[in-house]
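Some notes on the structure that comes next.
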Number of protein chains: 2
Amino acid sequence: MNQDKQTRQTKKTTIYDLAELAGTSASAVSAVLNGNWKKRRISSQLADRITRLAEEQGYALNMQASLLRREKSKIIGMIVPKYDNRYFGSIVETFETMARERGLFPIITCTRRDPELEIEAARTMLSYQVEWLVATGATDPDRISDICAASGVRSLNLDLPGSRAPSVISDNFAGARELTRRVLTNCERKLGRVEPLLFVGGRGGDHNTSERVRGFRAAHAEMGLEVSENHILTCGYAPEKAEIALEALAEKEGSLTPGMFVNSTISLEGVMRWIKRSRHYDARPPVVGCFDWDPFVALLGDDIEMVRQDVPSMLNAVFDIIDQGTSKQPLIEIPPLFMGRG
Amino acid sequence: MNQDKQTRQTKKTTIYDLAELAGTSASAVSAVLNGNWKKRRISSQLADRITRLAEEQGYALNMQASLLRREKSKIIGMIVPKYDNRYFGSIVETFETMARERGLFPIITCTRRDPELEIEAARTMLSYQVEWLVATGATDPDRISDICAASGVRSLNLDLPGSRAPSVISDNFAGARELTRRVLTNCERKLGRVEPLLFVGGRGGDHNTSERVRGFRAAHAEMGLEVSENHILTCGYAPEKAEIALEALAEKEGSLTPGMFVNSTISLEGVMRWIKRSRHYDARPPVVGCFDWDPFVALLGDDIEMVRQDVPSMLNAVFDIIDQGTSKQPLIEIPPLFMGRG
DNA sequence: CTTCGTTGCTCAATCGATGAAGCAAGAATT
DNA sequence: AATTCTTGCTTCATCGATTGAGCAACGAAG
């Protein structure tokens, strides 16, 4: 039984193996290794001996067995749509760090904006006994909340709100309104006059996009500008979709607006590609605002205004709810940050 | 026991609860729910009844209990340094997809280039009974391989090689040599003459950086150009480090080379920031090559040549090893892709 | 009318860790 | 000397799912 040990083992060392080697019981080994040997009145000599043996044998706790026995799993799950932009990347990184600070084990899974995969991922996380599930930018947050509720697991929405669980999102309306104001101001400074902007990207149905469109309209209204329905291109998030939408509009209308509001860096990727390819803006580069931040976009020219969603504050709000166990408000809106130009 | 059910439950439904409700045994429930009820000769009527009940009650398998009993966990772990660039983002996304295709459950954790955290994360993954651990861009891959080997868990290195486990990396030497050639050619085209480049970013000690420096030197040598030791700035990966290094060199030498080789998009962030701030290249923009790809960098100007590491091929190689169980070669080098300009 | 085969289940051990309860031996108190 | 306390352990049930072994009931074959 312990000769595998000698010959570079096949099976893993358990507390029973250590107990045999130490000439003691598994329960003593367990008590020593999880640190409450004082409480259980194990002598420090035995504790030392066990600790040394565990180290020698390269013992690793079997979490499955431990979790099965314990009441709390300390596992916290997160579902994320993509890893292809700074926003989600920093959400994930911050989430992991803050979870670990609290002694929680974060499990993150990427669902590539696939509604089926989201549901399957949520179910899998429940099987792993997560104590909380954070659904980030989910296509159907309420479905996920329901699945969690049915298992008695608490859930939270991040980035996109739902109605059946507390939600932490950016203040999309105020952010978009301010961004639009700034782009319009830049427009005036560059061109000597203000003209209504184009809105590009996002899904028409989602909360964030509709709030941003509302902010976009509000800023135009303040300045007495009319926004044409044809100039709201909520064509989806993928870069190609933005390219196609712009191409179609240019074909239909002949000329394009001098400025635009782009709904994410991902859409901006398509917009910039199209601008470059179509040569529509060769004479005078467009005045652009982007609802999201990317370090290279910041270097792309001096006419791109960006709002940066305040990831640390959003995750502080998320973990406040988790730490407290509940939330007073069902919806928490975090003001985004303005990055200025230059 | 099943009245919690009625009153929105507190505890989770188990196969024992379902067995009681169905008037059968837990073992029948288990057989039905994990799909081998035919093998165990359960009647399809009972199977249907159990399946319906499970759905009604929102039953979710307790993975901890299931894994404890089973021999294979089907969990596969990955350690990643950062989520702040496209390269690691796409590694993670591809890894998750390919793992799921194989019925494996991927657990990914980000260690922020912190050696302590890497080790701790590896140990935690072992506790969760991972069958494989992929260490991506690890600072000390061999340490991780040893820890895994001590528990009989197989490991793999990705992006940065180690000596105690199979490694899949980019062909850094050939990639860097070709990138350098191209930048030198661009230099000639733009300026009418070739001049040695500056190498910026990366850690001097790491395999990738030293291979890239070797490729960089080889391309210079081919063209009869001498590379000054002072022009190899392996200052680390963080953007600020690149800024500081450039600032220091500019101060020391007065003028800078007309072209440069930047070792990652993260370093490029700092390089571009410094170029903009210092106004050193205002008269004539530098001719730049970057070992890594980013969509916005592609739009940044027409003088930035990029190599894109071939993430799908790299992960195919990784999963080939996992599927086969072993690797013939200890080191697999995947040629990176050239993205051309425009 | 016995024997065998088949169907459709149930029983009970097991995975590894945990912790309440218990117990033996010695020290301290009455 | 008898009792109580303390120390330092061990025993055993438990968490939920899995699975080999077993068993009852029934039909078919001999």
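A quick note: this is a predicted structure, and the numbers were derived from the prediction, not measured. Every heavy atom of this structure was used, including side-chain atoms; hydrogens, water molecules and symmetry mates were not. We name chains A, B, ... by the order of the sequence lines, and we start the count at 1 in each one.
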Quiz item: Who are the ring pair (Phe, Tyr, Trp, His ring centres under 6.0 Å) partners of Tyr87(B), not counting sequence neighbours?
Solution: none

Quiz item: Could you walk me through whether Ser127(A) and Arg123(A) pass the side-chain hydrogen bond (donor to acceptor under 3.5 Å, both in side chains) check?
Solution: CA-CA 6 Å; Ser127(A) 285; Arg123(A) 284 196 208 285; over 6 Å; no

What is the distance, to the nearest angstrom, from the [atom1] atom on [X] to the [atom2] atom on [N]?
X: Ile15(A); N: dG16(C); atom1: CD1; atom2: C1'; answer: 6 Å
X: Gln57(B); N: dG16(D); atom1: CD; atom2: C1'; answer: 17 Å
X: Asp17(A); N: dC15(C); atom1: CG; atom2: C1'; answer: 13 Å
X: Asn34(A); N: dA17(C); atom1: CG; atom2: P; answer: 11 Å
X: Gln64(A); N: dG16(C); atom1: CD; atom2: C1'; answer: 10 Å
X: Tyr128(A); N: dG16(D); atom1: OH; atom2: P; answer: 18 Å
X: Leu68(A); N: dG16(C); atom1: CG; atom2: P; answer: 12 Å
X: Glu71(A); N: dG16(D); atom1: CD; atom2: P; answer: 12 Å

Quiz item: Just checking Leu61(B): base, sugar-phosphate only, or nothing, at a heavy-atom cut-off of under 4.0 Å?
Solution: sugar-phosphate

Exercise. Would you mind classifying the nucleic acid contact of Ser66(B) as base, sugar-phosphate or nothing, using non-hydrogen atoms under 4.0 angstrom?
Key: sugar-phosphate

Report all side-chain donor-acceptor pairs from residues 36-55 of chain A shorter than 3.5 Å, counting only partners two or more places apart or in another chain.
from: Ser43(A); atom 1: OG; to: Leu46(A); atom 2: N; distance (Å): 3.3
from: Arg49(A); atom 1: NH1; to: Ala22(A); atom 2: O; distance (Å): 2.8
from: Thr51(A); atom 1: OG1; to: Ala47(A); atom 2: O; distance (Å): 2.6

Exercise. Using a 4.0 Å heavy-atom cut-off, write out nucleotides 7-14 of chain D from 5' to 3' as B (base contacted by protein), S (sugar-phosphate only) or - (no contact).
Key: BBBBB-BB

Practice problem: Have a look at Thr136(B) and tell me which of Val80(B), Val92(B), Ile108(B), Thr111(B) forms a side-chain contact (heavy atoms from CB on, under 4.5 Å) with it. | Solution: Val80(B)

Quiz item: Under 4.0 Å: is that the gap between some side-chain N or O of Asn36(A) and OP1 or OP2 of dG19(C)?
Solution: yes

Practice problem: Taking only the side-chain nitrogens and oxygens of Tyr59(B), find out if one of them lies under 4.0 Å from OP1 or OP2 of dG16(D). | Solution: no

Exercise. Considering only NZ, NE, NH1 and NH2 on the basic side and carboxylate oxygens on the acidic side, decide whether Lys82(B) and Glu93(A) come within less than 4.0 Å.
Key: yes

Practice problem: Could you walk me through whether Asp142(B) and Ser163(B) pass the side-chain hydrogen bond (donor to acceptor under 3.5 Å, both in side chains) test, one step at a time? | Solution: CA-CA 6 Å; Asp142(B) 286 344; Ser163(B) 60; 2.7 Å; yes

Exercise. Indicate the atoms forming the closest heavy-atom contact of Asp84(A) with Arg86(B), along with that distance.
Key: O-NE, 2.9 Å

